[in-house]
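One structure below.
Each chain gets a letter, A, B and so on, in the order the sequences are listed, and its residues count up from 1.
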Amino acid sequence: MPDPTNAEIAALLDELGDLYELDGAIIHRVTAYRNAAKAVRDATTSIAARVRAGTVTEIPGIGKTLEEKLVALVETGEIPATVKLRAKFPAGLVQMTRLPGLGPKRARKLFDELGIDSLDALRTAAESQSLRAVKGFGPKFEATVLAALDAGAGEAPRGRVPLHDALAIAEPVLAALREHPASERVELAGSARRWVDSVKDLDIIATASDPAALAQAFAELDLLESAGGIGDAGARGRTHSGLSIDLKIVAPAQFGNLLQHFTGSKQHNVALREAAVKRGLHVSEYGVTDDATGETHHCETEAEVYALLGLPYIEPELRENRGELARDFVAPTLVTVEDLRGDLHSHTTASDGHGTIREMAQAALALGHEYLAVTDHSASHGFGNDVSPKELVAHMAAVRRVSDELDGITLLAGSEVNILTDGTLDYEDDLLAQLDWVVASVHTSFAMTAQEMTDRIVRAIEHPLVDAIGHPTGRLIEQRAAYALDMDAIIEAAARTGTFLEINGSPRRRDLHDVHARAAVDAGVKLIISSDAHRTTTLDNKRWGVATARRAGLGPDAIANTLPLDELLALRAGRR
DNA sequence: GCCGTTTTCGGCCCGACTGTTTTCAGTCG
């Protein structure tokens, strides 16, 4: 029986929280399960391994009781409490709690009094107007619940939008608002400001000389399909693609409070407020109130909010309650796009790219890069985009020729080599030895066991001619989960051999993601941030990789391609 | 169920909204 992954354990803890909530447990106990689930999801090492080692209670939010449940899970594959409660509450009941206006308390009431235990049963009861017989339920609720069921609510959670797509909408909206004569300050808030992988909606915070005029201008944007709630406080809109955008307009004196509140995360804000209460302060979106004086401080900037609480300014990317509010937290200097001196993963027309070597090189030069590795796909890539060994020899020569002809940038003749199912590579070693830079990646056969996939990638990591592992987990945001993999083993192997791990900057990938990037650096692995550009315009994909590194709390020191080329190559020289 | 520069017990963020109520519990973000 394979160990459960952190994601699987987190899902089980969330489910157990839901079940206890239906069972009428006090909310703080339920919250404890949800906090634990979040902690497990964000953990940088294998929880199952920590359970075996007896160190799992070192993770904040996991105490003695949860440890016992996790021990049972790891040893027997199930948690007795879950088994018991699943028998008590049908799965449909949990689904019902996802409907608007129907939380655990009210769903439980319908279950107890009318025996409703599924979305179908709920629909039938609503249609026959029998819900209104229960105290606390009326005709309005019957109508709302039918509308929600017709809209497909409760079945599957509505998909989140990759940040790349959401920002493509947010940026023109922000620009339009900033250009409007009535606007003063306009900032993106919400999870998008924290540069998460994908978002549910967008939040914009503004101050304005004429709030109603700005709200009206927002509502009339062509990007919006509809808008409502238009007034002095802002407006809410919905784009043609179905993304909600909330504009909140506030007095300048409270701009910092509102921006801080709506940037979140929720977990960060809860922890922040708990810490404030211990200092006799109460934080809300409107201000910081002092118990002793009864006075409420308004803050024009976020920095003032944090300063009032005795905290350093915390970058939005770090606001996840992953230790940024700890007493000993030192605000790190986070890596920026400007810190990157070069790019170590790009494609040309030799494989599936859309730019020539020269076009890609000139675009990279225009971005200020000192070096660019041209890493076209290898011999087994397929789709007619493979580069045969013979073609690779000619391609290397062409790359070096262009490199010689251009001033200000050095091109590395590289390859993105396929890691075959057995962990071998699809070029012979004598050919690989002629390359300046080798990225090895998995592009086929994702459906292996975790052990097989781990062995496969570790073998590539251990290959002395492999410099870096590309998009190590293979995930596509909101599209495809990472393949089963023992990330601790991957990180250990990379640290042991000095192989770089990539944070792939493609906005669909951002792979490694932040939790694993953090774990890798803590284990002594050097990372690179790459664009994986397939055309000149996507060379700036590195911004997404930088965002992921910032969310991991990483500074320039953790990223090898912040170094000049000679130092970067020296770092790798020990291996070749 | 977790946790401790107030605590090993008694706390555990904050405010708005909603539909249903005669004063508010539950839900939501």
Is the phosphate of [N] approached by [X] (side-chain N or O, under 4.0 Å from OP1 or OP2)?
X: Tyr286(A); N: dA16(B); result: yes
X: His282(A); N: dC14(B); result: yes
X: Thr31(A); N: dG1(B); result: no

Could you state the [atom1]-[atom2] distance from [X] to [N], rounded to the nearest angstrom?
X: Arg236(A); N: dA16(B); atom1: CZ; atom2: P; answer: 17 Å
X: Leu16(A); N: dC2(B); atom1: CG; atom2: P; answer: 11 Å
X: Gln267(A); N: dC14(B); atom1: CD; atom2: C1'; answer: 15 Å
X: Lys38(A); N: dG1(B); atom1: NZ; atom2: C1'; answer: 18 Å
X: Leu258(A); N: dG15(B); atom1: CG; atom2: C1'; answer: 12 Å
X: Asn257(A); N: dA16(B); atom1: CG; atom2: C1'; answer: 17 Å
X: Asn35(A); N: dC2(B); atom1: CG; atom2: P; answer: 11 Å

Do any N or O atoms from the side chain of [X] and from the backbone of [Y] form a donor-acceptor pair under 3.5 angstrom?
X: Asp511(A); Y: His513(A); value: no
X: Arg160(A); Y: Ser198(A); value: yes
X: Arg178(A); Y: Val186(A); value: yes
X: Ser183(A); Y: Leu177(A); value: yes
X: Asp117(A); Y: Pro90(A); value: no

| request: Return the 5'-most residue of the pair Arg29(A), Glu274(A) with respect to DNA chain B, ranking by each residue's nearest nucleotide. | output: Arg29(A)
| said: Mind checking if Ile27(A) touches a base, just sugar-phosphate, or nothing, with heavy atoms under 4.0 Å? | reply: nothing
| task | Remember a base hit wins even if backbone is also touched, and classify Lys109(A) as base, sugar-phosphate or nothing at under 4.0 Å, heavy atoms. | result | nothing
[N] versus [M] - spacing of their [atom1] atoms, nearest Å:
N: dC14(B); M: dT7(B); atom1: C1'; value: 24 Å
N: dA16(B); M: dG11(B); atom1: C1'; value: 25 Å
N: dC13(B); M: dT20(B); atom1: C1'; value: 26 Å
N: dC12(B); M: dT6(B); atom1: C1'; value: 15 Å
N: dT22(B); M: dC28(B); atom1: C1'; value: 24 Å
N: dT21(B); M: dG26(B); atom1: C1'; value: 13 Å
N: dC2(B); M: dT8(B); atom1: C1'; value: 12 Å

| remark: With B for base contact, S for sugar-phosphate-only contact and - for none (protein heavy atoms under 4.0 Å), nucleotides 3-10 of chain B reads S-------
| query | Just by protein heavy atoms under 4.0 Å, how would nucleotides 19-29 of chain B read 5' to 3' in B, S and -? | reply | SSS----SSSB
| query | Going by the angle between their ring planes, with limits at 30° and 60°, are His268(A) and Tyr306(A) parallel, tilted or perpendicular? | reply | tilted
| query | Parallel, tilted or perpendicular for His164(A) and Trp544(A), by the 30°/60° rule? | reply | perpendicular
| For dT8(B), the Watson-Crick or wobble counterpart (both distances under 3.5 Å) | none
| said: Quiz question: by atom type and distance under 3.5 Å, do the side chains of Glu58(A) and Thr55(A) form a donor-acceptor pair? | reply: no
| So, Arg238(A) versus Ser226(A): side-chain donor-acceptor pair below 3.5 Å or not? | no
| request: Mind listing the closest non-hydrogen atom pair of Tyr313(A) and Ala331(A) along with its distance? | output: O-CB, 4.1 Å
| message | On the six-membered ring of Phe141(A), is Arg132(A) placed so that its NZ or CZ lies under 6.0 angstrom from the centre and within 45° of the ring axis? | response | no
